[in-house]
Student: 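Here you go, one structure.
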Amino acid sequence: MSSDWPGVRLHVVTGKGGTGKSTVAAALALALAAQGKDVLLCEVEGRQGIARMFDVDPLPYAERRIATGLVSNGAPAGVVHALHIDAESALMEYLSMYYRLGRAGRALDRFGVIEFATTIAPGVRDVLLTGKVYEAVQRNSRNKGAIDYDAVVLDAPPTGRITPFLNVSDELAGLAKVGPIKNQADTMMTLFRSPRTAVHFVTVLEEMPVQETADGIAHLHEAGLPVGGVVVNQVRPRDLRVKDLAAARKGGLDRGAIRSDLEVAGVEVTDGLVDGLLDQARDHAIRRALEDAQRTLVKGMGVPSYELPRLSAGIDLGSLYELAAALRDQGMA
Ligand SMILES: Nc1ncnc2c1ncn2[C@@H]1O[C@H](COP(=O)(O)OP(=O)(O)OP(=O)(O)O)[C@@H](O)[C@H]1O
Ligand SMILES: [Mg+2]
């Protein structure tokens with residue numbers, strides 16, 4: 001099976017709050033692992049969403065093995081590791097990697113210097129977070145014994161924050177105009193702007209998140225950052241015919257037929273029950289019409305799009321694998 005993003009090493013997953021960024025990032029990591037890739041799934045200052053989804057203890061600032069991809073065609077599956085990145089730990093690690101400030105770094109922490117440095121300028125926090133992501137993608141000899149991943153998936157900040165988050169040069173512009181920090185920021189931007197990065201959007205088929213997705217894509221284009229695909233999440237089942245949907249909307253469904261179908265199924269039928277079902281059918285049909293309109297807008301965005309069903313029982317590890325298979329079938333991984 002071929003992927004739409006073969007050369008991509010860093011998959012950034014953004015979207016409006018609550019649309020399913022964390023869920024999709026996890027599913028994408030599993031989908032890539034099913035291709036035999038070793039994957040790092042990162043969250044930045046999250047609320048331990050990864051640990052919750054995979055039902056493991058809260059993640060430390062260390063790469064933990066959390067899952068393997070499903071084996072497909074007998075090919076060996078890759079492993080998914082997870083990492084929870086916080087700015088303070090990222091700064092400590094940076095200081096020890098580049099300035100060998102192991103113990104001295106811990107002293108700085110005790111005196112509150114680390115906290116001071118990470119709160120003094122909001123941009124600095126972002127640069128520390130993205131810096132660690134960069135390090136995971138572009139491992140170098142300073143991080144001895146670290147795993148070389150085939151792909152990194154980032155459960156990223158929401159749409160409104162994603163462009164400044166990745167635009168580290170801009171964030172640092174007022175702080176470091178020359179010198180090593182400036183050089184490192186420039187190197188990070190080279191990766192983030194390259195075809196080895198893709199920024200994917202998650203949306204649901206509602207007006208606000210779809211509009212935010214369109215705006216987000218425009219902002220990335222302006223900033224010269226690579227737009228990936230759009231994952232349409234929580235899609236309602238589409239098993240009714242157009243004709244039936246129209247009838248449901250107009251209150252024109254056949255009451256008698258519904259009544260007799262229910263009776264055949266052994267249900268004790270009352271007028272109230274039929275009325276309730278007709279109301280639900282109308283509600284569903286109206287939402288379906290709204291979703292179809294939003295789907296057309298997504299298709300018009302000029303990037304690949306993928307759909308994931310709304311799973312009525314919620315999300316557990318099994319459903320993450322199910323969503324991963326759906327992403328793979330559609331060529332996202
Ligand atoms: N396809 C789906 N089917 C059913 N439930 C889903 C689906 N995708 C996500 N959910 C549920 O929707 C809720 C929000 O999902 P998730 O936490 O992934 O969103 P998010 O965009 O990361 O949110 P936040 O902005 O808070 O980080 C969760 O309870 C999740 O289990
Ligand atoms: Mg989340």
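Computed from a predicted model, the values in this text were never measured in an experiment.
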Student: Between Gln294 (side chain) and Val210 (backbone), is there a donor-acceptor pair under 3.5 Å?
Tutor: no
Student: Identify the heavy atoms of Ala62 and Leu83 that sit nearest to each other, and give their distance.
Tutor: N-CD1, 3.4 Å
Student: Begin from the C-alpha positions of Phe165 and Leu154 and carry the test side chain to side chain contact (heavy atoms under 4.5 Å, CB included) through to its verdict.
Tutor: CA-CA 12 Å; Phe165 181 76; Leu154 174 63; 4.0 Å; yes
Student: Check whether any side-chain heavy atom of Met92 lies under 4.5 Å from a side-chain heavy atom of Tyr61, and answer yes or no.
Tutor: no
Student: Please determine whether the number of non-hydrogen atoms from other residues, nucleotides or ligands lying under 6.0 Å from atom CZ of Arg236 exceeds 12.
Tutor: yes
Student: What are the two closest heavy atoms between Gly228 and Ala198, and how far apart are they?
Tutor: CA-CB, 4.0 Å
Student: Is the shortest heavy-atom distance from the side chain of Thr163 to the side chain of Leu220 under 4.5 Å?
Tutor: yes
Student: According to a hydrophobic-cluster definition based on side-chain heavy atoms being under 4.5 Å apart (Ile, Leu, Val, Met, Phe, Trp, Tyr only), do Val79 and Leu10 belong together?
Tutor: no
Student: Side chains of Thr213 and Val298, heavy atoms from C-beta outward: is any pair under 4.5 Å?
Tutor: no
Student: Under the 3.5 angstrom rule, does the side chain of Glu63 hit a backbone N or O of Leu40 as a donor-acceptor pair?
Tutor: no
Student: Between Val204 and Met332, is there shared hydrophobic-cluster membership here, with clusters defined by ILVMFWY side-chain heavy atoms closer than 4.5 Å?
Tutor: no
Student: Using only atom types and a distance under 3.5 Å, with no angle test, would you say the side chain of Gln48 pairs donor to acceptor with the backbone of Leu59?
Tutor: yes
Student: Under 6.0 Å from the CZ atom of Arg64, do we count more than 12 heavy atoms belonging to anything else shown?
Tutor: no
Student: Does atom CZ of Arg139 have more than 12 heavy-atom neighbours, drawn from other residues, nucleotides or ligands, at distances under 6.0 Å?
Tutor: yes
Student: Do Leu327 and Leu28 touch side chain to side chain, with heavy atoms closer than 4.5 Å?
Tutor: yes
Student: I'd like to know whether Thr203 forms a side chain to side chain contact (heavy atoms under 4.5 Å, CB included) with Lys16, so could you lay out the CA-CA distance, the side-chain angles of the two residues, the decisive distance to 0.1 Å, and finally the verdict.
Tutor: CA-CA 7 Å; Thr203 187; Lys16 185 170 161 48; over 6 Å; no
Student: Does any part of the side chain of Val12, heavy atoms only, come nearer than 4.5 Å to the side chain of Val133, both counted from C-beta?
Tutor: no
Student: Hey, is CD on Glu207 packed in by over 12 heavy atoms from elsewhere, all under 6.0 Å?
Tutor: no
Student: Looking at Arg9 and Arg196, would you say the former's side chain and the latter's main chain have a donor-acceptor pair under 3.5 Å?
Tutor: no
Student: Is a donor on one side and an acceptor on the other found under 3.5 Å between the side chain of Arg142 and the backbone of Ser96?
Tutor: no
Student: Could you state the interatomic distance from NZ (Lys144) to CE (Met97), rounded to the nearest 0.5 Å?
Tutor: 10.0 Å
Student: Give the minimum heavy-atom separation between Ile50 and Ala82, together with the two atoms involved.
Tutor: CG2-CB, 3.9 Å
Student: Do Arg282 and Ile286 have side chains that approach each other closer than 4.5 Å (heavy atoms only, starting at C-beta)?
Tutor: yes
Student: Using modelled atom types and a 3.5 Å cut-off, is there a donor and acceptor pairing between side-chain atoms of Glu135 and backbone atoms of Gly131?
Tutor: no
Student: Any donor-acceptor pair under 3.5 Å linking the side chain of Asn143 with the backbone of Ala146?
Tutor: no
Student: Looking at Asn233 and Thr19, would you say the former's side chain and the latter's main chain have a donor-acceptor pair under 3.5 Å?
Tutor: yes
Student: Under the criterion side chain to side chain contact (heavy atoms under 4.5 Å, CB included), I'd like the reasoning laid out for Val230 against Ile217: C-alpha separation, chi angles, the key distance, then a yes or no.
Tutor: CA-CA 10 Å; Val230 175; Ile217 290 176; 4.2 Å; yes
Student: Would you check, one step at a time, whether the test side-chain hydrogen bond (donor to acceptor under 3.5 Å, both in side chains) holds for Tyr134 with Gln184?
Tutor: CA-CA 10 Å; Tyr134 172 84; Gln184 279 168 342; over 6 Å; no
Student: Ignoring hydrogens and geometry, is there a side-chain-to-backbone donor-acceptor pair from Arg295 to Leu205 under 3.5 Å?
Tutor: no
Student: Any chance you could measure Ser89, atom OG, to Leu128, atom CG, to the nearest 0.5 Å?
Tutor: 10.5 Å
Student: Are Val303 and Leu225 connected into the same hydrophobic cluster when the rule is that any two of I, L, V, M, F, W, Y join if their side-chain heavy atoms are below 4.5 Å apart?
Tutor: yes
Student: Return the minimal non-hydrogen interatomic distance between Cys42 and Val152, and the atom names on each side.
Tutor: SG-CG1, 3.9 Å
Student: With a sphere of 6.0 Å drawn around CG of Asp55, does it hold more than 12 non-hydrogen atoms of other residues, nucleotides or ligands?
Tutor: no
Student: Using the rule that Ile, Leu, Val, Met, Phe, Trp and Tyr join whenever any side-chain heavy atoms are under 4.5 Å apart, tell me whether Leu70 and Met53 fall into a single cluster.
Tutor: yes
Student: Quick one: OG on Ser3 to CG on Leu32, what's the gap to the nearest 0.5 Å?
Tutor: 7.5 Å
Student: Got a second to check how far Asp86's CG is from Lys132's NZ, nearest 0.5 Å?
Tutor: 11.0 Å
Student: Let me confirm one number: the CG-CZ distance from Asp239 to Arg288, rounded to the nearest 0.5 Å.
Tutor: 8.0 Å
Student: Within the side chain of Thr197, is there an N or O that forms a donor-acceptor pair under 3.5 Å with the backbone of Arg193?
Tutor: no
Student: Evaluate the ring planes of His200 and Trp5, with Trp represented by its six-membered ring, and classify them as parallel (under 30°), tilted (30 to 60°) or perpendicular (over 60°).
Tutor: perpendicular
Student: Are Val56 and Leu320 in one and the same hydrophobic cluster, where Ile, Leu, Val, Met, Phe, Trp and Tyr link if side-chain heavy atoms are under 4.5 Å apart?
Tutor: yes
Student: So how far is it from Asp155 CG to His11 NE2, rounded to the nearest 0.5 Å?
Tutor: 14.5 Å
Student: Carefully, step by step, assess Asp271 and Arg259 under the rule salt bridge (Lys or Arg N to Asp or Glu O under 4.0 Å).
Tutor: CA-CA 9 Å; Asp271 277 343; Arg259 183 175 271 277; 2.7 Å; yes
Student: Tell me the closest heavy-atom pair linking Tyr306 and Gly331, and the distance in Å.
Tutor: CE2-C, 4.1 Å
Student: Under 4.5 Å between any side-chain heavy atoms of Val13 and Ser22, yes or no?
Tutor: no
Student: Do the side chains of Asp283 and Asp279 get nearer than 4.5 Å, heavy atoms only?
Tutor: no
Student: Begin from the C-alpha positions of Leu308 and Thr23 and carry the test side chain to side chain contact (heavy atoms under 4.5 Å, CB included) through to its verdict.
Tutor: CA-CA 11 Å; Leu308 294 176; Thr23 306; over 6 Å; no
Student: Can you name the nearest heavy-atom pair linking Leu253 to Ala281, along with the distance?
Tutor: CD1-CB, 4.0 Å
Student: Give a yes or no on whether Arg255 atom CZ has more than 12 heavy-atom contacts from other residues, nucleotides or ligands under 6.0 Å away.
Tutor: yes
